[in-house]
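Below you'll find the structure, written out as structure tokens, and then a few comments.
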Amino acid sequence: MSSWLDYTINGLIVGNVYALVAVGLALIFGVSRLINFAQGSIYLVGAYIGWVAVVQLHTPLPLTIIFVAVVAALVGLIIERFGLRPLQNSVRIAPLLATIGISFVLDQLVMLTFSPNPRALPSQLPDVRFQVGGGTIGPLDLLIAGVGISSALMLFVFLRYTKLGWAVRAASQDRDAAMQMGVDVNRVNQTVFGIAAALGGVSGLLVGMYYNQIDTAMSLQATLKGVVAEVVGGAGNVPGAVVGSLLLGLVESYGVAVFGTSYRNLFAFLLLVVVLVLRPNGLFASARQAPPEPLTGTFIAPSRPVRIPRWALLVVAAVFAILPLLPVSFYMLQTLINAWLLGMLALSLTLVAGTIGQVSLGHAALLAIGAYTSALLSLTLAVPVGLAIIAGGLMSAALGTILISPSFRLRGHYVSIATLAIGEIVSLVILNWESVTRGPIGISGIPPLSLFGYELTSPTSIYWFSFAVMVVLALLQARLLGSHLGRSFRAIRDDDVAARAYGLSLNRYKSLAFIFGGFAAGVSGGIAAHLYSYINHETFNTQQSILALTVVILGGLGNVVGAIVGAVALVGLPEVFRIAAEYRILIYGIVLLLLVRFRPQGLLGTM
């Protein structure tokens, strides 16, 4: 019984931490209708600023908290002013992508400044425990609860009784009407970002003290948990974010009590998917709330796609085909093999996100399904590698479509969040299903690529194989997009209400898009598994999904040639600056920011 009380207390404490992140996200969404994926990076900044204050400056605890809150708030103000305000009149998807790019930049700057090695962040409170009923509670637990409750109260007073708080509420209810009534929306945005960043920074500090350790990988998990808590409560709903956070903390804590620590995150994302399926707008959103606007469709940047003559494409393809016969280095061939693999994933994503308008942030899960299927079939059943890769593509198409189907009724940001959650669930299932996937150990000794009994071990043969597969997939996709089915996909993307009025079944066409896209991603994952000879649950992570999204944005949403061009550019660009390999992710983030700011339609334009 006492242990359950301990788990309850722990769940409420952790929920309080999540609430500090989720409330900030809810405030920003309420005013800007934006899921701020950089909130976790501010949490990371807060943790490291706290480490500087505690370990280097030896500041007392109250001053440490104030110092972290002020610095984090300044970071939030800079993000709003220079990262997001220039995008106010841009397409709907641009600010979302910008926050992803900003998170890349912030995470890498922290890593380059402090190194990726974990650091101890000691608590500045006495290490004692008080008996409460059958459980125990410590001073830091009380501090976290106190900060959470007092922050919620101050926020309530601010929103309810101050003029600026009224302006925030007015802007959240109707931004245009608030502007017409003289509300300075830019000032409101600055205020909201400052408050949200301060809460996020303090949250990072408290979590660092709670676990006595910080590291540069804690950003993504904080973002995911904050987003889950916010969406469970109802996006933009501050009380809902608090309740959603506490619910999330309790579900995780009880899940750990019953099944073990490795299942902690699995329960969080399952909770999110269940809530999105049953109440797409969250637990505390009004049933009459207007459905969210799509991220693509009518909000895609108007552009005239760059039309490349067919003969020019044939010439370029021929040059790449004969490249291994020319005096080129092994290094260049290896780089291009990586580009072809990423190109297959980008083809998959540009069909799903660009052509039918379902922006996916969990596409790496399709890679993982294809990779594990192909690896297990070839290792345990001795299936020929070529057939195993095709089976991996088919399994990825079938299983991926089944998993993603609950999100077909969602729109706007909720689609991205649902796909993100499903991607994490797939990774966590792979981690915990040890009898099949071998859990955290991963699968090693995967047979090399082979075709018709001949092993493809030389760089030249691997290059030709991966290039040929990518070209075939690209030709099939181009043929598909030129057909009636492809035109139906684009009709659903452009206006799903009108498409439904004309008799198109949205779920059926979205399923078909995910089937075709899943097959391409699964084949890419299968080839990668045999190429690497070892995979585990972290081989295909969320960063891969974000990278693929960056590629399709770079090339042009829905553009087949653009996806390949984007893959070559994004794989090749960091190689050009290989002397600074540690800046690779930083380069990705800057490229993404520049794209959404100056050319949101991509290099070759949106199709």
Side-chain angles (χ1 to χ4, degrees), residues 3 7 217 220-221 224 228 251-274 277 345 362-406 418-450 514-515 518-519 521-545:
S3 61
Y7 282 117
L220 179 62
Q221 284 301 317
L224 295 179
V228 170
V251 167
E252 281 189 5
S253 189
Y254 292 144
V256 169
V258 176
F259 296 100
T261 307
S262 61
Y263 287 87
R264 175 187 291 274
N265 293 333
L266 183 60
F267 288 105
F269 295 112
L270 285 176
L271 173 67
L272 173 65
V273 172
V274 169
V277 170
L345 180 62
H363 227 61
L366 300 176
L367 279 178
I369 294 171
Y372 269 86
T373 301
S374 184
L376 290 172
L377 285 176
S378 58
L379 262 179
T380 59
L381 300 179
V383 174
V385 170
L387 292 179
I389 291 173
I390 294 174
L394 293 174
M395 178 62 80
S396 185
L399 191 55
T401 305
I402 292 171
L403 289 173
I404 207 70
S405 58
T419 54
L420 183 63
I422 290 167
E424 290 296 313
I425 289 172
V426 169
S427 174
L428 292 166
V429 168
I430 290 173
L431 172 65
N432 289 287
W433 198 4
E434 294 188 20
S435 60
V436 174
T437 63
R438 306 181 190 180
I441 299 174
I443 300 177
S444 58
I446 302 171
L449 286 171
S450 64
F514 271 95
I515 288 172
F519 180 76
V523 167
S524 174
I527 295 175
H530 294 281
L531 189 60
Y532 302 153
S533 78
Y534 171 77
I535 54 174
N536 66 12
H537 71 286
E538 292 181 336
T539 306
F540 309 104
N541 54 24
T542 303
Q543 204 171 65
Q544 287 273 72
S545 301

Between [X] and [Y], what is the shortest heavy-atom contact and its length?
{"X": "Ala521", "Y": "Leu367", "value": "O-CD2, 3.3 Å"}
{"X": "Ile369", "Y": "Gly400", "value": "CD1-N, 4.4 Å"}
{"X": "Thr437", "Y": "Ile443", "value": "O-CG1, 3.8 Å"}
{"X": "Leu345", "Y": "Gln544", "value": "CD2-O, 4.3 Å"}
{"X": "Ala375", "Y": "Ile446", "value": "CB-CD1, 3.7 Å"}
{"X": "Phe519", "Y": "Leu394", "value": "CD1-N, 3.7 Å"}

Open item on the list: Give me each pair satisfying side-chain hydrogen bond (donor to acceptor under 3.5 Å, both in side chains) with a member in residues 369-380, each pair once, sequence neighbours excluded.
Closed with: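 Qualifying pairs, neighbours excluded: Ser374-His530.
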
Report the distance from atom [atom1] of [X] to atom [atom2] of [Y], rounding to the nearest 0.5 Å.
{"X": "Leu531", "Y": "Ser524", "atom1": "CG", "atom2": "OG", "answer": "10.0 Å"}
{"X": "His363", "Y": "Phe514", "atom1": "NE2", "atom2": "CZ", "answer": "7.0 Å"}
{"X": "Ile535", "Y": "Phe540", "atom1": "CD1", "atom2": "CZ", "answer": "5.5 Å"}
{"X": "Glu252", "Y": "Leu266", "atom1": "CD", "atom2": "CG", "answer": "10.5 Å"}
{"X": "Ile515", "Y": "Ile402", "atom1": "CD1", "atom2": "CD1", "answer": "9.0 Å"}
{"X": "Asn541", "Y": "Asn536", "atom1": "CG", "atom2": "CG", "answer": "9.5 Å"}

Task: Main-chain N/O of Tyr534 paired with Ser444 side-chain donor or acceptor, under 3.5 Å - done: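 Side chain of Ser444 to backbone of Tyr534: no pair is present.
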
TODO: For the pair Ser396 (side chain) and Leu366 (backbone), establish whether a donor and an acceptor sit closer than 3.5 Å, ignoring hydrogens and angles.
DONE: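 Present.
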
Open item on the list: Which residues pass the side chain to side chain donor-acceptor pair (under 3.5 Å) test with Glu424, not counting sequence neighbours?
Closed with: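 Counting only residues at least two positions away or on another chain, Glu424 forms a side chain to side chain donor-acceptor pair (under 3.5 Å) with Thr542.
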
Open item on the list: For His537, run the side chain to side chain contact (heavy atoms under 4.5 Å, CB included) check against Ile441, Asn432, Ile430 and tell me which one passes.
Closed with: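 Single side chain to side chain contact (heavy atoms under 4.5 Å, CB included) partner of His537 among Ile441, Asn432, Ile430: Ile430.
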
Open item on the list: Could you go through Leu449 and Ile389, starting from their C-alpha distance and side-chain angles, then the distance that decides it, and tell me whether this counts as side-chain contact (heavy atoms from CB on, under 4.5 Å)?
Closed with: CA-CA 9 Å; Leu449 286 171; Ile389 291 173; 3.7 Å; yes

Open item on the list: So Ser427 and Glu538, do their side chains get closer than 4.5 Å, heavy atoms only?
Closed with: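 The answer is no, as the side chains (C-beta and beyond) never meet within the 4.5 Å cut-off.
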
